[in-house]
Protein chains: 2
Amino acid sequence: MKYAAKKTSAPECADADHKSARRVPPVSDEAIETASRLFRALGEPSRLRLLALLAQGESCVTELALSEGDDMSAISQRLRVLRSENLVVRRRSGKHINYALADQHIVDLVFNALAHASESPARVKGTFTK
Amino acid sequence: MKYAAKKTSAPECADADHKSARRVPPVSDEAIETASRLFRALGEPSRLRLLALLAQGESCVTELALSEGDDMSAISQRLRVLRSENLVVRRRSGKHINYALADQHIVDLVFNALAHASESPARVKGTFTK
DNA sequence: ATTTCATTTGAACAACTGTTCAAGTGAAGA
DNA sequence: TCTTCACTTGAACAGTTGTTCAAATGAAAT
């Protein structure tokens, strides 16, 4: 059974002094949608690896397929979803089509996450933290 | 059919001068795995909304359920996956259990993505750019 | 002790998404 | 023009994941 939003009296959860915190502009539904699509595109090892490769410089499908040890079709499918979220751009160069990360912002996102991942202490499984 | 990794001669794709680019330490498989799990957890509107709410300050399950107009069970399930990726922490406060974003790093990730999403020009569908 | 309140959990089901493969496209070279 | 090369695409299938609901837990109040 769903609750009615913002209806009943507030359940004074936290001690008042916690409600201070950050001042944040309300987030539009559309921004949420867009951001979560972006994250979802990043949320697949096979695609993230591709981005990590592209972070070293642009590369064509054949080359990526070679690095990944997978066929072009598979790579191309992955690049398709990355492209649909504007994470990568392509341009033709002779017989090949080169892909590159779309912009610095993406580079940062990927590196931040990878950096965080490299130093993060594995997943939590227990019931309660202390 | 899969290609053998790093086998055959390189397919001189890009013009040599593009291969310059960024110098990047190789990324471990584990970092990729961890980072993509993190992204996947963020890649669901329902969960991302929860994080956006928590970005305004800690909150209990009842409160979140009220804001979201959904039942506690649903919220709790979402918090479970957020917690399994260390995105949120919980602590008991009387009868309630309060959740909060795990650390500043997460706050940044969420805001960066939301900011980017708010100014990004929708998804690409066309075949070729230019 | 017993009940109640706040939250968690497991299981089932439906929806979604990644992979695979065969067929299609289109630029470049012969 | 015909062929080849590099890449893309649609469709099918399987594995994954979010939602839902009923039952379980566990701290606090009676």
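To find a chain, count down the sequence lines: A is the first, B the second, and so on, and within it residues start at 1.
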#### Entry: Residue pairs fulfilling salt bridge (Lys or Arg N to Asp or Glu O under 4.0 Å) with at least one residue in residues 45-55 of chain A, sequence neighbours excluded
A:Arg49-A:Glu68
### Query
Roughly how far, to the nearest 0.5 Å, is CG of B:Leu53 from CG of B:Leu101?
10.0 Å
### Summary
Of A:Ala74 and B:Arg78, the one whose closest nucleotide on DNA chain D sits nearer the 5' end is A:Ala74
### Query
Reading nucleotides 22-30 of chain D 5' to 3', which nucleotides get B (base under 4.0 Å from a protein heavy atom), which S (sugar-phosphate only), which -?
B----SS--
### Query
Are A:Ser46 and C:dT19 close enough that a side-chain N or O sits under 4.0 Å from OP1 or OP2?
yes
### Task
Write down the distance between CG (A:Leu66) and P (D:dA6), rounded to a whole number of angstrom.
12 Å
### Summary
Contacts of B:Ala35 meeting side chain to side chain contact (heavy atoms under 4.5 Å, CB included) (sequence neighbours excluded), chain-then-number -> A:Leu48, A:Ala113, A:Leu114, A:Ala117
### Task
For A:Arg40, report the nucleic acid contact type (base, sugar-phosphate, nothing); a contact means any heavy atom under 4.0 Å.
sugar-phosphate
### Task
Calculate, to the nearest 0.5 Å, the distance between atoms CG and OH belonging to B:Leu50 and B:Tyr99 respectively.
9.5 Å
### Query
Do B:Gln77 and D:dT20 share a donor-acceptor pair, side chain to base, under 3.5 Å?
yes
### Between P of D:dT19 and CE of B:Met72, the distance in whole Å
17 Å
### Task
Could you check which of D:dG18, D:dA6, D:dT8 has an atom nearest any side-chain atom of B:Glu44?
D:dG18
### Query
Quick one: on DNA chain C, does B:Ile75 or A:Arg47 contact a more 5' nucleotide (nearest heavy atom)?
B:Ile75
### Task
Would you kindly give the CG-to-P distance between A:Asp70 and C:dC21, to the nearest whole Å?
10 Å
### Query
Between D:dG18 atom C1' and B:Asp71 atom CG, what is the distance in whole Å?
13 Å
### Message
Need one value for B:Arg80: base, sugar-phosphate or nothing, where a base atom within 4.0 Å counts as base even if backbone is also close, heavy atoms only.
### Response
base
### Query
Rounded to whole angstroms, how far apart are CZ on A:Phe39 and C1' on C:dT17?
19 Å
### Message
Could you report the tightest heavy-atom contact between B:Asn86 and B:Ala102, atom names first, then the distance?
### Response
O-CB, 3.1 Å
### Query
In whole angstrom, what separates A:Arg90's CZ from D:dA6's C1'?
12 Å
### Query
Just by distance, do the side chain of A:Ser76 and the backbone of A:Met72 share a donor-acceptor pair under 3.5 Å?
no
## Note on the structure
dist A:Leu51:CG -> A:Glu44:CD (nearest 0.5 Å) comes out at 12.0 Å
### Message
Without decimals, in angstroms, what is the distance between B:Arg83 CZ and C:dT9 C1'?
### Response
11 Å
#### Entry: Separation of atom CG in B:Leu79 from atom P in C:dA6, rounded to whole Å
16 Å
### Query
Would you say D:dT8 has OP1 or OP2 under 4.0 Å from some side-chain N or O of A:Tyr99?
yes
